[in-house]
Amino acid sequence: MAELPSASFRFDVLSLLPETFGGFLAAGLIGKAVAAGVLEVALHNWRVHASDRHGTVDDAPFGGGAGMVLKLAPLLAGLRQARELAPDSPVVLLTPAGRPMRQACAERWARGRGVILICGRYEGFDARIEAHVDEQVSMGDYVLNGGEVAAMAIIEAVGRLRPGVIGNAASLHSESHRGGLLEYPQYTRPQDFEGQLVPDILLSGDHAKVAAWRHQEALDRTRRLRPDLLDELDVAAAAED
Ligand code: ADE
């Protein structure tokens, strides 16, 4: 990936449960990056925009049916506030009905200046919110109680690509999903653990042979565990021909 500008990158998160982000934003490499100002995370609880004193953010669905629907007005008021603070950021709605999150998406967002993430709760959004967002993204084909966990995953996936977040930037280059393949297997000492041996080639000191072996292992692993990724690579290669 091309070198990214080193200015601070901001996440604006619209959430009814901002307290869920506390530990996550304080710990590990993300915590350090936030403390250093390399990443900024603004949490916007859009309940404050409810029009009644109870802070109501949901209502019964038109047409009937079980459950409630998140009202448009308070959410949109929260979104407009976030947009004023981050006018260049794409607006991403987190929903199980969105496109599955991919590494390529994290790389694209990391090239910008920020991302606005909208988290629902277990009730669905009023569909008219779709006219106000740039993308709809899902964390996977399963249903969460809300978008908060998905937002944290995105903050981590995008944030770690920004300069100054991961100490050893070179480690980003060999990871799974870079270049469309899973990562090759890695080993550390001891060389013999209860009879499980490290492949001899890694002890050979022959860098070219190690590189070729790793590439083959990445291919084999991907074929075994994620054959769908190889199909995508074939399609991409055919499109380039
Ligand atoms: N909200 C509920 N389920 C979700 C999912 N799978 N991805 C993103 N947001 C969600």
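Both ligands and their constituent atoms are indexed starting at 1 by order of listing. Worth knowing before you read on, the calculation uses all heavy atoms, side chains too, and leaves out hydrogens, waters and symmetry mates.
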Listing request: all salt bridge (charged side-chain N to carboxylate O under 4.0 Å, His left out) pairs with a residue in residues 187-201, at least two apart in sequence or in separate chains.
none
Does the pair Glu148/Arg121 count as a salt bridge with the N-to-O cut at 4.0 Å?
yes
Taken in chain and number order and not counting sequence neighbours, the residues that satisfy salt bridge (charged side-chain N to carboxylate O under 4.0 Å, His left out) with Asp58 are none
Applying salt bridge (charged side-chain N to carboxylate O under 4.0 Å, His left out), can you list everything that pairs with Asp220, at least two apart in sequence or on another chain?
Arg223
Using a strict threshold of under 4.0 Å (side-chain N to carboxylate O), is an ion pair present between Arg226 and Glu232?
no
Close N/O pairs between ligand 1 and protein, under 3.5 Å:
{"residue": "ligand 1", "atom": "3 (N)", "partner": "Leu144", "partner atom": "N", "Å": "3.0"}
{"residue": "ligand 1", "atom": "6 (N)", "partner": "Gly140", "partner atom": "O", "Å": "3.3"}
{"residue": "ligand 1", "atom": "6 (N)", "partner": "Tyr142", "partner atom": "O", "Å": "2.8"}
{"residue": "ligand 1", "atom": "7 (N)", "partner": "Met139", "partner atom": "N", "Å": "2.8"}
{"residue": "ligand 1", "atom": "9 (N)", "partner": "Thr95", "partner atom": "N", "Å": "3.3"}

So, are Arg160 and Glu175 salt-bridged, with charged N and O less than 4.0 Å apart?
yes
